[in-house]
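Notes follow the structure.
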Protein chains: 2
Amino acid sequence: MTEAPALDRGARSRDAILDTAGDLMARHGYAATSISMISAACGLPVSSIYWHFRSKDGIYVAVLGRARTALLAALPQAEVPGADVAQRLDTFLAEVGSAFRRQPRGVKLLLGLGMVQQDASAAALAEVRRYRDALVAWARDSLSSVFALRDRPEVADELARFTLRMAAGTVVARWFEPDAVLETGPLRVALLALASHHGVPVGHVPGRDAPSRGVANRE
Amino acid sequence: MTEAPALDRGARSRDAILDTAGDLMARHGYAATSISMISAACGLPVSSIYWHFRSKDGIYVAVLGRARTALLAALPQAEVPGADVAQRLDTFLAEVGSAFRRQPRGVKLLLGLGMVQQDASAAALAEVRRYRDALVAWARDSLSSVFALRDRPEVADELARFTLRMAAGTVVARWFEPDAVLETGPLRVALLALASHHGVPVGHVPGRDAPSRGVANRE
DNA sequence: GTCTATACACAGATAGAC
DNA sequence: GTCTATCTGTGTATAGAC
């Protein structure tokens, strides 16, 4: 057990470094995370860290790349199953909420460097952009499937932007109220209203809770 | 002109330090902004900076406090004028959008330290919380006025959270697409739908653009 | 209040034995 | 691949003349 095949000793160390580095950078941000902190937290000396990744920047790029593939693997297919819009939307929102709960670090990593745009390396900027583009594409495709928007790409784009900004805003809210969750209920109402506002047929709009007791939507 | 009354020489220096420090911290984040950078950018030696503010932390607290009063001064009264909901909502969104455009630094400053929650000083944490609480209170009161929610505080809270998260998400979006703006159009549709969903009377819901050609909202 | 000069710690990064 | 030891720059912060 302790005698792992010597070949992947390095790979295991590499993973350990990425684990602790990702954790620290998500908590403190890129600039406030030092190599010595990572070294102390994972037990390996600084020179080993530099042997695996050539620089602090390289660590960040690797950490973010790993977070991206992990997140994309956790997100389901873009084709959302379900008979009607309401059903597919509920499936989509459940997936988003669950991924959001289970991957608390991914997005914070984006923010961790986000502040540093100015002095970030080209590699880091590229990796950040890949992460973000992957999220945008996933949201657009999923919502396109939910609302059957193959012929209305601009609507799918707007819905995706809306959803992602709400998610990002919730990440921000979290460092004031650590137990803040992505409120899928209001988001559901908003997405249905937005789609409907653009003339997309959304079915009967059942309304999960609070049975709309007012005089709204009458002429 | 160059001979300002010696009494406020200090005050002017203080302001200059806060100006450049706020600018740098909003751009690079707290951790990545050094005293030397501030000194080089504003022309005063580091020791003068330390004379005015006792520590780097003190600079941040002062910068954020100043940003808070400036933002609150820029935001209009909580009582939103207007005859009906649609009118008041448009006024409110126009104000939010405009404040958002004119105060690009304020919110980024919050995020700048936000990452550092763990090792932040008590004073900094308190100041961050004051800034955030002021924003939440303003949004809640304004939306309460827009939708006449004096007897439905929980709805006002939800609308305020929704609005602020969208705004925070847009700040985040901005460091990928620097020209991203707060999309008040979709936000308007969403807020109306949310209020209506909770049984709040919202009038006839005119719909500014895209005249809702679908079959939505029918039973 | 502003300056020059400096103390001390720690940052990122490397050398070279093992 | 991992270790000890170290180089060099810069960080926060201070002393003390003016």
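All chains are named by letter (A, B, ...) in the order of the sequence lines, taking the proteins before the strands, and each is independently numbered beginning at 1. Since we're looking at a predicted model, the values are computed, not measured.
In this structure, B:Y50 does not reach the D:dT14 phosphate: none of its side-chain N or O atoms is under 4.0 Å from OP1 or OP2.
The distance between atom CE of A:M25 and atom P of C:dA11, rounded to the nearest whole Å, is 13 Å. Separating the CZ atom of A:R54 from the P atom of C:dT14 is a distance of 8 Å, rounded to the nearest angstrom. Regarding B:F53, its CZ atom lies at a distance of 14 Å from the P atom of D:dA13, rounded to whole Å. Straight-line distance from the CD1 atom of A:I17 to the C1' atom of D:dT2: 10 Å, rounded to whole Å. When the P atom of D:dT2 is taken as reference, atom CZ of A:R12 falls 11 Å away, rounded to whole Å. One interatomic measurement links the two molecules: CH2 of A:W51 to C1' of C:dG16, which rounds to 16 Å at whole-angstrom precision. In this structure, the CD1 atom of B:I49 is 14 Å from the P atom of D:dT14, given to the nearest Å.
Within the model, atoms CG of B:L159 and OG of B:S142 stand 12.0 Å from one another, a figure rounded to the nearest 0.5 Å.
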Under 3.5 Å, sequence neighbours excluded: what are the donor-acceptor pairs made by side chains of residues 33-42 of chain B?
unit_1 : atom_1 : unit_2 : atom_2 : d
B:T33  : OG1    : B:L24  : O      : 3.4
B:T33  : OG1    : B:G29  : O      : 2.7
B:S34  : OG     : B:M37  : N      : 3.1
B:S39  : OG     : B:L44  : O      : 2.7

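With sequence neighbours excluded, the residues forming a side-chain contact (heavy atoms from CB on, under 4.5 Å) with A:R161 are A:D157, A:E158, A:R165, B:E183, listed by chain and number. Residues forming a ring pair (Phe, Tyr, Trp, His ring centres under 6.0 Å) with B:F92 (at least two apart in sequence, or on another chain): B:W138. Every residue two or more places apart in sequence or in another chain that forms a side-chain contact (heavy atoms from CB on, under 4.5 Å) with B:A74 is listed here: B:R102, B:Q103. For A:A160, the side-chain contact (heavy atoms from CB on, under 4.5 Å) partners are A:A139, A:R140, A:L143, not counting sequence neighbours. Shown here are the side-chain contact (heavy atoms from CB on, under 4.5 Å) partners of B:A126, two or more places apart in sequence or in another chain: there are none.
Among residues at least two apart or in separate chains, side-chain hydrogen bond (donor to acceptor under 3.5 Å, both in side chains) pairs with a member in residues 67-77 of chain B are B:R68-B:E127.
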Scan nucleotides 3-6 of chain C against the protein and return all N/O pairs shorter than 3.5 Å with their distances rounded to 0.1 Å.
unit_1 : atom_1 : unit_2 : atom_2 : d
C:dC3  : N4     : B:S47  : OG     : 2.7
C:dT4  : O4     : B:S47  : OG     : 2.8

Using a cut-off of under 3.5 Å, enumerate the N/O to N/O pairs linking the protein to nucleotides 8-11 of chain D.
unit_1 : atom_1 : unit_2 : atom_2 : d
D:dG11 : OP1    : B:S34  : OG     : 3.4
D:dG11 : OP2    : B:S36  : OG     : 2.9

